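A short worksheet on the structure shown next.
Quick note: residue numbers are just sequence positions, from 1. Computation of the quantities below employed the complete heavy-atom set of this structure, encompassing side-chain atoms and omitting hydrogens, waters and symmetry-equivalent molecules. Just so you know, these numbers come straight off a predicted model, no measurement behind them.
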Amino acid sequence: MEYIEVTGGNPLRGSIRPAAAKNSVLPLLAATLLCAQPCTLRRVPLLRDVQTSLDLLRAVGSGAAWAGQDLVTQPARQISGRVPTALAGAMRGSVFYLAPLLTRAGWAELPLPGGCRLGPRPIDIHLAGLTAMGAQVCAAAECVVLRRHGVLRGTDFALRLPSVGATLTLMLAACCAAGVTTLRGAACEPEIADTAAFLNACGAKITGAGTPVVCIRGTGGELLDGCVHTVLPDRIAAATYAAAAIAGGRVTVTQCSPVWLAAFLDFLQGSGCEVARGENEFSITRDQDTKLRGGQELVAAAYPGLATDTAPLAAAVLLGAEGASRIYDGLFQNRFACAQGFAALGADARSEGRLLYLGGSAKLHGATVTAPDLRGGAALVLAGLGVGEGSCVRVLDAGHIRRGYADLAGDLRRLGADCRAGRTGTEAGRQTKKL
């Protein structure tokens, strides 16, 4: 089992540049199936979900190879519409293959997607939009099968809520459809605009991406070209580095617009951190001896609100803050599974459904805890930065964390944290730190 171990007491100092955004890379890799020419994605991190995506591409008949930090995909001549069960179950991002496989193979069979255990995540909006475009959908208990007869057709479709996944799925489906598709009530996250920028560079005609109304003029069945694309920085990783203010010191995040995580930076500023924002970078400064301010009422919301992925990170910041706080996440009912780990570290933390209660003023201590999911695991690592000097926190099952961070322990260590990653069962004969 993988783990990350953190010893508290070290303030952080330095600068760091986030890698390419996981939440862009995954749909972009699926989008390459719509391209008749090679595509290159720049500065892609070696994440577990990226590796799963590469395995999925190869399984359906495409291919991709690393060229340093870049990923180069090759067009497929023949595509299978079936996504292997093991790969679909490994990540939620497998849903992005529905539209490209339906376009290329004429059919798509997708076992219900997996990923973090955050509660039910239905794909009904994806399916309703694809049905409006002419797809025939058969949804069973364990999988979804789609077929088309002829080219998908453009449609005017209103999403019942601004789902990022559904917006991306329908945008991909519309690129090679016949006629114009208009998506109303679309998600506005930066990753939507980034995916549209990639598709437009490949020859698609998309306007309005990043706003609630997106228009796509389809090619009528023709495939797109390829392109070289620099993926936007990972704003969730950037928020993670910013949340390291728990430890005190000064951290500068470079090559990342503060606009993309403005709600999270506003939260940090309201908690007592000094936030300096530039055009393409920002710095977080905190005196290690100054108490953070609690008393917060936070709600995770669609962009430009507080991103659901940053809610556990905000919770880690508030554990030792003065005053009780509450965080509500209306998207995922099990977002705060990390509450049990927080409590094991000495925090007054409990979750009730979608609501997390934090008593504040916690004096955190060392313990061994388990990462329940990707962002909850990262939050437990961050909480370890705030324990007393010399105390140690070990976060087990850290493989979850590698789904979104190539080397979180290394990133924090380069900023001055006493942090390392390892595997249980590989330490025989070596004395370990007392927990």
Side-chain angles (χ1 to χ4, degrees), residues 23 26-27 29-31 33-34 53 56 60 79-85 87-116 118-189 191-192 195-196 199 206 209 212-216 218 221 302 308 330-333:
N23 291 338
L26 300 189
L29 287 173
L33 289 172
L34 299 174
S53 294
L56 204 160
V60 300
I79 292 288
S80 168
R82 180 172 289 109
V83 176
T85 300
L87 297 177
M91 67 170 188
R92 172 69 175 178
S94 58
V95 74
F96 296 130
Y97 289 80
L98 270 178
L101 293 181
L102 182 62
T103 297
R104 291 296 308 274
W107 62 284
E109 181 179 316
L110 177 71
L112 294 183
C116 290
L118 301 178
R121 292 189 277 182
I123 59 171
D124 58 304
I125 303 176
H126 306 60
L127 300 182
L130 292 172
T131 299
M133 299 177 73
Q136 295 180 336
V137 179
C138 176
E142 299 296 330
C143 71
V144 173
V145 179
L146 291 87
R147 298 188 182 278
R148 64 173 175 83
H149 300 285
V151 177
L152 295 175
R153 60 179 181 270
T155 187
D156 193 311
F157 183 78
L159 286 74
R160 65 175 177 81
L161 54 87
S163 162
V164 174
T167 300
L168 288 167
T169 289
L170 300 180
M171 197 163 69
L172 293 177
C175 282
C176 297
V180 176
T181 296
T182 302
L183 303 178
R184 303 183 188 278
C188 301
E189 274 72 0
E191 293 79 14
I192 302 289
T195 301
L199 292 167
I206 304 172
V213 180
V214 183
C215 293
I216 309 101
T308 176
L331 184 59
F332 298 126
Q333 70 180 32

For the residue pair [X] and [Y], what are the closest heavy atoms and their distance?
X    : Y    : value
I192 : A209 : O-CB, 4.2 Å
G185 : L159 : O-CB, 3.8 Å
W107 : R147 : CB-NH1, 3.7 Å
G81  : A105 : N-CB, 3.9 Å
P212 : C188 : N-SG, 3.6 Å
G154 : A177 : N-CB, 4.3 Å

*Take M91 and S53 through the side-chain contact (heavy atoms from CB on, under 4.5 Å) test and state the conclusion after the steps.*
CA-CA 9 Å; M91 67 170 188; S53 294; 3.1 Å; yes

Any side-chain heavy atom of [X] within less than 4.5 Å of one from [Y]?
X    : Y    : result
I216 : L183 : yes
C175 : I206 : yes
S94  : L87  : no
L110 : Y97  : no
H126 : V144 : no
I125 : F157 : yes

_CA sep, side-chain torsions, deciding dist, call: L102, Q136, side-chain contact (heavy atoms from CB on, under 4.5 Å)_ = CA-CA 10 Å; L102 182 62; Q136 295 180 336; over 6 Å; no

*E189 and N23: CA distance, side-chain angles, deciding distance, side-chain contact (heavy atoms from CB on, under 4.5 Å) verdict*: CA-CA 10 Å; E189 274 72 0; N23 291 338; over 6 Å; no

Approximate separation, where rounding is to 0.5 Å, of [X] [atom1] and [Y] [atom2]:
X    : Y    : atom1 : atom2 : result
C215 : R184 : SG    : CZ    : 7.0 Å
L101 : S80  : CG    : OG    : 7.5 Å
R148 : L130 : CZ    : CG    : 12.0 Å
T103 : L172 : OG1   : CG    : 8.0 Å
E191 : T167 : CD    : OG1   : 12.0 Å

_Taking side chain to side chain contact (heavy atoms under 4.5 Å, CB included) as the criterion, tell me which of T308, V164, L161 meets it with L331._
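Answer after filtering T308, V164, L161: T308.
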
_Name the residue from T155, V214, D156 that meets the side chain to side chain contact (heavy atoms under 4.5 Å, CB included) definition with T181._
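Filter result, single survivor: T155.
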
_What verdict does the side-chain contact (heavy atoms from CB on, under 4.5 Å) test give for V83 and L98, after you've listed the backbone C-alpha separation in whole Å, the side-chain angles of each residue and the deciding distance to 0.1 Å?_
CA-CA 9 Å; V83 176; L98 270 178; over 6 Å; no

